[in-house]
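To start, the structure itself, in structure tokens.
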Amino acid sequence: MAVSAYDPQNIFAKILRGEIPCNKVFEDDHVLAFHDIAPQAPTHILVIPKGAYTSYDDFAANASDAEIIAYTRAIGKIAAAAGVVEDGYRLIANTRDHGRQDVPHLHVHIIGGKKLGLMLPKD
Ligand code: AMP
């Protein structure tokens with residue numbers, strides 16, 4: 001099955017264009033991070049690249065080295081600033097249909113602030 005093209009009307013693209021607000025926690029030339037609108041733990045932050053990438057595989061294949069370095073370092077910095085490094089946290093990048101990705105712009109969830117449940121619920 002072909003992988004879908006980037007949809008510029010997705011909600012995170014609208015946040016990047018300033019068309020809808022977000023509760024921002026970090027921004028640099030390549031990265032924006034903001035609190036999830038429906039947090040699933042005391043810390044629930046979404047980290048997105050500013051470039052138009054649908055998924056981590058798209059990003060890994062097509063982003064510049066500068067974008068990849070900035071994104072990787074930002075995730076670490078944001079986790080540290082959120083205060084979850086010592087106790088631990090989880091990074092999640094839901095991807096397409098089987099991964100149950102709702103918003104088709106790459107985002108990594110940083111989730112922590114409490115002891116989380118099992119990584120995958122039993123079906
Ligand atoms: P996913 O299912 O991995 O695509 O996750 C999408 C996430 O985006 C969900 O956790 C939503 O709660 C979150 N979300 C959707 N709209 C917004 C928004 N406008 N601001 C912040 N988070 C959002």
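Excluded from the calculations below are hydrogen atoms, water molecules and symmetry mates; all remaining heavy atoms, backbone and side chain alike, are included. It should be emphasised that the depicted structure is a prediction, and the values quoted were computed from it without experimental measurement. Ligands are counted one by one from 1 in listed order, and the atoms in each one are counted from 1 as well.
- Between H44 and ligand 1, no pair of N/O atoms sits closer than 3.5 Å.
- For ligand 1, the atoms sitting less than 4.0 Å from at least one non-hydrogen atom of Q101 are 4 (O), numbered in the order shown with element in parentheses.
- Less than 4.0 angstrom separates some heavy atom of L46 from each of these atoms of ligand 1: 8 (O), 13 (C), 22 (N).
- Among all non-hydrogen protein atoms, the one lying nearest atom 8 (O) of ligand 1 is F12 CZ, 3.4 Å.
- Here's the thing with I20: none of its N/O atoms is less than 3.5 angstrom from an N/O atom of ligand 1.
- Ligand-side atoms of ligand 1 in range of H109: 1 (P), 3 (O), 5 (O), 7 (C), 10 (O), range being under 4.0 angstrom from any heavy atom.
- The contact set between ligand 1 and N94, taken as ligand atoms under 4.0 Å from a residue heavy atom, comprises 1 (P), 2 (O), 3 (O).
- Atom 7 (C) of ligand 1 has its closest protein heavy atom at D36 OD2, 3.5 Å.
- The nearest heavy-atom contact from the protein to atom 1 (P) of ligand 1 is H107 NE2, 3.1 Å.
- Checked against a 3.5 angstrom limit, the closest N/O atoms of D102 and ligand 1 fall inside it.
- Under the salt bridge (Lys or Arg N to Asp or Glu O under 4.0 Å) rule, R96 has a single partner from D57, D58, D102, which is D57.
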Checklist entry - Can you check ring-ring contact (aromatic ring centres under 6.0 Å, His included) on H107 and H109, steps first, answer last? => result CA-CA 6 Å; H107 50 285; H109 300 250; 5.2 Å; yes

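- Side-chain atoms of Y89 never come within 3.5 Å of backbone atoms of G83 as a donor-acceptor pair (strictly under, hydrogens ignored).
- Near H35, meaning under 4.0 Å from one of its heavy atoms, ligand 1 places the atoms 21 (C).
- From the protein, the heavy atom lying nearest to atom 14 (N) of ligand 1 is I37 CG2, 3.7 Å.
- The hydrophobic cluster containing V84 also contains I78, counting ILVMFWY residues as joined when their side-chain heavy atoms lie under 4.5 angstrom apart, directly or transitively.
- Of the possible donor and acceptor atoms, none in the side chain of E67 sits under 3.5 Å from a partner among the backbone N and O of F59.
- Atoms of ligand 1 lying under 4.0 Å from at least one heavy atom of F34, given by number and element, are 21 (C).
- Considering backbone and side-chain atoms together, I11 places no N or O closer than 3.5 Å to any N or O of ligand 1.
- The side chain to side chain donor-acceptor pair (under 3.5 Å) test applied to R17 returns E19, not counting sequence neighbours.
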Item to check | N23 and H35: CA distance, side-chain angles, deciding distance, side-chain hydrogen bond (donor to acceptor under 3.5 Å, both in side chains) verdict | outcome: CA-CA 6 Å; N23 189 355; H35 291 286; 4.6 Å; no

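- No heavy atom of Q40 sits closer than 4.0 Å to any atom of ligand 1.
- With ligand atoms numbered from 1 in the order given, ligand 1 contributes 12 (O) to contacts under 4.0 Å with heavy atoms of A38.
- At a heavy-atom distance under 4.0 Å, no atom of N23 approaches ligand 1.
- Atom CD1 of I110 sits about 10.0 Å away from atom CZ of F26, to the nearest 0.5 Å.
- Rounding to the nearest 0.5 Å gives a distance of 9.5 Å between CG of N10 and OG1 of T54.
- The distance from atom CG of L106 to atom OH of Y56, rounded to the nearest 0.5 Å, is 7.5 Å.
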